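Contents: one structure, followed by commentary.
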Amino acid sequence: MTDPTQMSLVDAANMVASKEISARELTEACIAKAERMQPTLNCFISLDAKGALAEADAADAALARGDAAGPLQGVPLAHKDMYYRAGKVSTCGSKIRKDFKPDHTATVLERLAAAGALHMGGLNMSEFAVGPFGHNEHWGHCRNPWNPEHVTGGSSSGSGSSVGGRVVFGALGSDTGGSVRLPAACCGLVGMKGTQTRVSRYGVMGLSFSLDNVGPLTRTVRDNARMMGIIAGADPKDLTASAMPVDDYETATIDAEIKGLRIAVPSNYYYDGATDDVRALMNASLKTFESLGAEIVTVEVPDHEKLADLAIALRGPEGAVLHQAWMRDRPDDYGAQVKARLEPGLAISGTEYVMSQQIRPRITQRFVDTVFADADVFHAPTINIPVPSIAESDVKASPNFPAAIAGMTHCTRPINYLGLPSLAVPAGFTDNGLPASFQLVGRPFAEATLYRVAAAYESEARFCDHAPS
Amino acid sequence: MDSQTMRDLVMYWQGVTLDDEAASRLAALSTSVGKTLNAVAGGSMFDTEPAHYDRALIAMAERSDD
């Protein structure tokens, strides 16, 4: 057999279910890959080989007994090190929580385990999920599998690096301003930030409960749809998770057709500062959509120059509440840039915070009315510049750090305030050889539409067939 | 707001010490956020309901894939 770590998540699950490969064989291959790649990628904070093999043996034993295979039966996954597992250390990528053992398990991890998934360990991440490049002063920078001198994107850095590096088949990240979509984009992966209330956050480290989203990073659209279908939905332990029924995302990806689909592209904001190579790749992706029968329409997006301030008025105080005591008592235990990015929450007034909450539905409604009046989905770059190198982006708390962060998150951050689903999709390679990506944005709860559109594109463009050497 | 006032306020309300650069950055941010909210909110919010965001999102959904 060729290297089993190169398979898609769906193929891996199917092969385990049909006993063409055992969960143990698959897991041993992933562990060997992890041990080989860790010195280069630094994608794991903790690798639990013994635990993963025990779970693999249990998965094989269940199949041997004749138990029905789950949709992720025997498939090794790993997750950003902020998804709590009772009794297991969850560092949150920090020095402050380096020994923290939660007493409860995240709902999304329970759902993945119930589907048969295995847990390989905790993945590197930006400290406390603050940082769009993936730098980490405490656990070391995570590195891009396409070129280790470049960033992975953050804050779900290890999720992007490990899945892109063909170490695990899928990973959860979290997205408060782009932290699923950015590493997906930088590492050539598919990444979903669902509708704001689509996935439970119970047992997940918080940064901003109004903007935090749990989402999967995978190599293919169908892989992503399968993971998202498992984790989405209401949760009695998290009353912010919507009771809205969950569509069959995976079915939407099969033999996907988009003839007659209308795709909106922005005439303002999203291409501000875009490089020529990114523009060319975005245009090429739109040509592909047209060749599949889609119609492109242009829209002027409303309110976008204001969304950064509105988002910080939410994220700032919510993050500051979580971190205030440590910022007061242990300021030197934060990385310099992380501390600097948490400080704005100390300066937002209560009335400003509530006002930003109160007007949020109105702002979202205005975007939906404007963009989706004549279109089914919205298309824009995920990042409108090439993936930067670690050296050029490691600005710490120097005076230009706000500009560096604003540039990296320019296209993702607005969507978090708008609360809309957004799917990052590989779109080729920029002149520096690193992946490029567009995002598809939909109406609230239109995740199935995004998966259908992305699957149609993927079946034509086939960037999922490219893997790092 | 000037940076010294910002530094004093953050110390008074939050007990957190800001350096000069952070105080200056936060003072500028505070001004920007205030202007943005005034522009977007557009006057009195007396008649607004508390934001029930999930309900608003559900209302904006269009179940085309059902």
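The structure displayed is predicted, hence computed values, not measured ones. Residue numbers begin at 1 in each chain, while the letters A, B, ... track the order of the sequences.
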(message) Is the shortest side-chain heavy-atom distance between B:Leu37 and A:Thr351 below 4.5 Å?
(response) no

(request) Could you tell me whether A:Arg262 and A:Glu295 have a side-chain N and a carboxylate O separated by less than 4.0 Å? (result) no

(message) Between A:Val368 and A:Pro444, is there a side-chain heavy-atom distance shorter than 4.5 Å?
(response) yes

(request) Considering only heavy atoms, give the residues of residues 206-215 of chain A separated from chain B by less than 4.5 Å, sorted numerically, with 'none' for an empty result. (result) none

(request) Sort A:Thr364 into side chain, backbone, both or neither according to what part of it lies under 4.5 angstrom from a heavy atom of chain B. (result) both

(request) Mark yes when over 12 heavy atoms from residues, nucleotides or ligands other than B:Arg55 sit less than 6.0 Å from its CZ; otherwise mark no. (result) no

(request) Not counting sequence neighbours, list each pair that qualifies as a salt bridge (Lys or Arg N to Asp or Glu O under 4.0 Å) and has a residue in residues 12-38 of chain B. (result) A:Glu343-B:Arg25, B:Arg7-B:Asp20, B:Glu21-B:Arg25

(message) Given A:Arg366, which partner from the list A:Ile359, A:Val371, A:Val301, A:Asp303 fulfils the side-chain contact (heavy atoms from CB on, under 4.5 Å) test?
(response) A:Asp303

(request) Check step by step if side chain to side chain contact (heavy atoms under 4.5 Å, CB included) holds for A:Met244 and A:Thr197. (result) CA-CA 9 Å; A:Met244 190 77 156; A:Thr197 55; over 6 Å; no

(message) Within the 3.5 Å criterion, strictly below it, is a donor on B:Asp2 or B:Thr5 matched to an acceptor on the partner's side chain?
(response) yes

(request) Taking the side chain as every heavy atom from C-beta outward, state whether A:Tyr451 and A:Met192 have any pair of such atoms under 4.5 Å apart. (result) yes

(message) Taking side chain as everything from C-beta outward and backbone as N, CA, C, O, which of these in A:Arg328 sits under 4.5 Å from a heavy atom of chain B? Side chain, backbone, both or neither.
(response) both

(message) Less than 4.0 angstrom from a charged side-chain N to a carboxylate O is my criterion; do A:Arg198 and A:Glu447 meet it?
(response) no

(request) Measure distances from A:Thr251 to the heavy atoms of chain B and classify the residue's part below 4.5 Å as side chain, backbone, both or neither. (result) neither

(request) Select one option (side chain, backbone, both, neither) describing which atoms of B:Leu29 are under 4.5 Å from chain A's heavy atoms. (result) side chain

(request) Just do the side chain to side chain contact (heavy atoms under 4.5 Å, CB included) check on A:Val299 and A:Phe378 with the steps written out, would you? (result) CA-CA 9 Å; A:Val299 294; A:Phe378 176 73; 4.2 Å; yes

(message) Counting only non-hydrogen atoms closer than 4.5 Å, does A:Ala308 touch chain B with its backbone (N, CA, C, O), its side chain (CB onward), both, or neither?
(response) neither

(request) Check each atom of A:Pro402 against the heavy atoms of chain B and say whether the ones under 4.5 Å are side chain, backbone, both or neither. (result) side chain

(message) Only pairs of heavy atoms separated by less than 4.5 Å count here; which of B:Met1, B:Glu49, B:His52 has the most with chain A?
(response) B:Glu49

(message) Given heavy-atom pairs under 4.5 angstrom as the criterion, report whether the side chain, backbone, both or neither of A:Leu418 touches chain B.
(response) backbone

(request) Walk me through it: do A:Thr449 and A:Arg452 pass the test side chain to side chain contact (heavy atoms under 4.5 Å, CB included)? (result) CA-CA 5 Å; A:Thr449 300; A:Arg452 174 169 62 88; 4.1 Å; yes

(request) Could you tell me which of A:Pro399, A:Ala313, A:Pro331 has the largest number of non-hydrogen atom pairs under 4.5 Å with chain B? (result) A:Pro399

(request) Using non-hydrogen atoms and a 4.5 Å limit, figure out which bit of B:Met45 sits close to chain A: side chain, backbone, both or neither. (result) side chain

(request) Counting only heavy atoms closer than 4.5 Å, note whether A:Ile312 contacts chain B via side chain, backbone, both or neither. (result) side chain

(request) Report the option among A:Gln196, A:Arg360, A:Glu352, A:Arg362 that has the most heavy-atom pairs separated by less than 4.5 Å from atoms of chain B. (result) A:Arg360

(request) Specify whether A:Tyr269 and A:His304 have parallel, tilted or perpendicular ring planes, treating 30° as the upper limit for parallel and 60° as the lower limit for perpendicular. (result) perpendicular

(request) Just give me the residue among B:Val33, B:Leu9, B:Thr48 that pairs up with chain A most often, heavy atom to heavy atom, under 4.5 Å. (result) B:Val33

(message) Is B:Ala56 in contact with chain A via its backbone, its side chain, both, or neither, using a 4.5 Å heavy-atom distance?
(response) side chain

